[in-house]
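Step one of this worksheet: look at the structure below.
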Amino acid sequence: MTPESILKTTFGFDAFRGSQQAIIETLTRGTDALVLMPTGGGKSLCYQIPALLRPGCGVVVSPLIALMADQVAALRQAGVAAAYLNSSLSAAEQRAVEQQMLVGALDLVYIAPERLLQPRCLDLLNRCEIALFAIDEAHCVSQWGHDFRPEYLQLAALAERFADTPRIALTATADGPTRCEIVERLRLHEARQFIHSFDRPNICYRVAERGGGRAQLLRFIAEEHANEAGIVYCLSRNKVEQTAAWLREQGIAALPYHAGLDHAARAAHQRRFAREEALVVVATVAFGMGIDKPDVRFVAHLDLPASIEGYYQETGRAGRDGRPANAWLLYGLADVVQRRRMIEQSESSEGRKRIERHKLDAMLAYCEICSCRRLHLLRYFGEQPRTACGNCDTCLAPPETWDATEAARKLLSAVYRTGQRFGAQYLIAHLRGERDERAARFGHTQLSTFGIGADFSPRQWGSLIRQLVAYGYLDVDLVGYGGLRLDERARPLLRGEQALRLRRDRKAHRPSARIKRH
Ligand code: ADP
Ligand code: ZN
């Protein structure tokens, strides 16, 4: 039997996709492999076919116990001798599966990681012939990732205990650091790596400066996506409900979805979304798992996502049919402050917070970037694309930049002289020389920074403040009242040792007629 013949006769497909064939050959030969492939890319065949080609039983480690029964049923349908071992089996059923393994009657067995590492199970594996180990959702081994599972760490033991058995680790989410951690922790130094592009060329990435939120969303939907399906992500359940109700009042078919709705309502809304052509679902991130609707024409974010991984996963639900789709994000200073506050006020360990700050910084850099957004995204996932994409807002309408050195120094000085305890509104009024009761009471009208920025509009100062906070020159006092403080990083700027170029914000706009398809 060859890989091709199994592909055709057992699975009913005509040709391999991408590097499936190369992965299958690698594993069948007995070499380890690490596979990064987006969801839906076809990872399962990469270990199922080698398990059929090699003598013995293939052992698939998967944390998704709920999916095991379905996967096994589908394989049996195709004539593959498959089974699973997890906590849902009775003792008798479990013994039956073990017996089949011992006599070599199984091609594939799915096992939950915590079970695999029990002495009883390891002992069983020692007495069976094992074709290979497939470690699915391998990012679960990474503390850097968002889905860490301690039991995955123990899978390292497989490398020594079964030194002659090839292993394959697979994941759909892995940036550079996560990938290194997978290699390190699962001892896959000798593994051949198969990294697939995560690019979704038909999705146009856009970030709009927040100004009125809802109204901007309505205009975006009405002008570009009338009578089309889309997902609008919001941070809170409350905002989901309000936004969905408001859209309905504006004549747009919209339904809410969040974990606070009862099971029946969620299932009903999800079903309607799958079936209907022109429905907008307003949702928290709870919406998405298992959504496989090909004609989602847009994904809008009304709040800033916490990380690029999350953002990419959510936007990835748009345009699965390959036709043009929009990923549209609203962003402003309040988002930065809110996300920073969520991190600092969370119960996480200091180590975890440090990781979350890093992830947020990468997300902020994505929002503020003046060059191709797609390049930023793909580089985050470890790819090295060379050319700008031509299908994101910064490519379609390159933002102007300006020398913000002087203005930044004025602002930072004003922050310093007013005592590092005031928020953006106060500082803007101060710089523009607006006399009010507070300014007089604090004696700030006497300061040299009072009125030195009258040539800038409040909006221009607001844009500068947002960018200085996003880049970490200014910190927000998250415990007190949100006053702005100088960060260590601001020093060279204040001393005139560093120049700063920033993007010039424009009014929210559509970058090009190309995106419009009607
Ligand atoms: P992943 O685990 O990467 O998310 P799956 O292994 O579940 O992806 O495969 C996604 C879908 O693509 C499945 O419906 C599968 O049957 C199909 N598929 C995989 N490989 C091929 C192929 N070579 N030709 C056609 N369909 C394929
Ligand atoms: Zn681009």
Side-chain angles (χ1 to χ4, degrees), residues 2-25 33-51 58 60-64 67-68 70-75 77-78 80 82 108 110 134-139 168-174 194-207 288-292 294 313 315-317 320 322 324 326-327 329 366-367 369-380 383 385-399 511-512 514-515:
T2 64
E4 291 82 4
S5 66
I6 295 180
L7 179 74
K8 291 199 177 97
T9 56
T10 305
F11 295 97
F13 299 134
D14 294 329
F16 284 112
R17 274 193 200 153
S19 46
Q20 277 178 332
Q21 188 162 17
I23 298 167
I24 288 165
E25 279 165 6
L34 170 63
V35 174
L36 263 77
M37 207 187 267
T39 304
K43 286 187 282 300
S44 321
L45 288 185
C46 297
Y47 54 82
Q48 288 168 347
I49 293 182
V60 185
V61 185
S62 167
L64 306 171
L67 300 182
M68 280 183 189
D70 289 347
Q71 284 165 331
V72 166
L75 284 165
Q77 195 101 54
V80 177
L108 273 165
Y110 286 72
I135 301 162
D136 207 2
E137 312 288 340
H139 60 275
I168 177 173
L170 311 103
T171 175
T173 52
F194 297 89
I195 317 287
H196 289 251
S197 177
F198 277 61
D199 192 14
R200 299 287 310 279
N202 59 314
I203 298 181
C204 179
Y205 296 97
R206 295 156 62 183
V207 179
M289 279 300 223
I291 303 247
D292 198 14
Q313 199 162 36
T315 55
R317 294 177 183 131
R320 291 244 169 106
N326 275 310
L329 165 71
Y366 169 81
C367 294
I369 201 169
C370 298
S371 53
C372 177
R373 293 203 203 271
R374 191 181 314 272
L375 287 185
H376 185 84
L377 292 172
L378 294 178
R379 284 189 185 130
Y380 184 82
E383 293 184 36
R386 296 200 186 287
T387 48
C389 76
N391 191 28
C392 70
D393 56 359
T394 49
C395 279
L396 292 167
S512 155
R514 265 185 52 182
I515 304 169

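Just so you know, ligand 1 is whichever comes first in the structure, and atom 1 is the first atom listed for that ligand. Nothing fancy with the numbering, it's 1 onward along the sequence.
One option in Q48, E137, H196, K43 has a heavy atom closer to atom 2 (O) of ligand 1 than any other, and that option is K43.
Nearest protein neighbour of atom 9 (O) of ligand 1, counting heavy atoms only, is G42 CA, 3.5 Å. Looking at atom 6 (O) of ligand 1, its nearest protein heavy atom turns out to be S44 OG, 2.6 Å. Of the protein's non-hydrogen atoms, G40 O, 3.6 Å is the one closest to atom 10 (C) of ligand 1. From the protein, the heavy atom lying nearest to atom 20 (N) of ligand 1 is Q20 NE2, 2.9 Å. When hydrogens are left out, the protein atom nearest atom 16 (O) of ligand 1 is F13 CZ, 3.1 Å; that is the closest non-hydrogen contact. Here the protein heavy atom with the shortest distance to atom 12 (O) of ligand 1 is R17 NH1, 3.3 Å.
A salt bridge links D393 with R373: the closest approach of a Lys/Arg side-chain nitrogen to an acidic carboxylate oxygen falls below 4.0 angstrom.
Looking only at side-chain heavy atoms (C-beta outward), F194 and Q20 stay at 4.5 Å or farther from each other. The shortest distance between side-chain heavy atoms of L67 and S62 does not fall below 4.5 Å. Side-chain contact between Q48 and V80 is absent, with no heavy atoms from C-beta onward closer than 4.5 Å.
Interface of P38 with ligand 1, defined as ligand atoms under 4.0 Å from a residue heavy atom, comprises 3 (O). Atom numbering of ligand 1 starts at 1 in the shown order; those under 4.0 Å from a heavy atom of F16 are 23 (N).
Without hydrogens or angle criteria, D136 side chain to V60 main chain gives no donor-acceptor distance under 3.5 Å. Between the side chain of E137 and the main chain of L64, no donor-acceptor pair closer than 3.5 Å is present. Between the K43 side chain and the V35 main chain, no donor and acceptor come within less than 3.5 Å of each other.
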Using side-chain contact (heavy atoms from CB on, under 4.5 Å), reason through Y366 and V207 one step at a time and then give a plain yes or no.
CA-CA 9 Å; Y366 169 81; V207 179; 3.9 Å; yes

Report the C-alpha separation of R374 and D199 in whole Å, then their side-chain angles, then the decisive distance to 0.1 Å, and conclude whether the salt bridge (Lys or Arg N to Asp or Glu O under 4.0 Å) test is met.
CA-CA 8 Å; R374 191 181 314 272; D199 192 14; 3.2 Å; yes

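Take the Zn ion (ligand 2) and draw a sphere of radius 2.8 Å; the protein N/O/S atoms inside it number 4.
Taking OG1 from T2 and CG from L7, the interatomic distance works out to 9.0 Å, rounded to the nearest 0.5 Å.
Nearest heavy atoms, F198 versus A172: CE2-O, 3.0 Å. What you find for C389 and C372 is that their closest heavy atoms are N-SG, 3.3 Å.
The nearest protein heavy atom to atom 14 (O) of ligand 1 is not closer than 4.0 Å.
At a heavy-atom distance under 4.0 Å, no atom of M37 approaches ligand 1.
Residue contacts with ligand 1: A15 is placed with a nitrogen or oxygen under 3.5 Å of a nitrogen or oxygen of the ligand (distance criterion only). For ligand 1, the polar-atom distance check against L45 finds no nitrogen or oxygen pair separated by under 3.5 Å.
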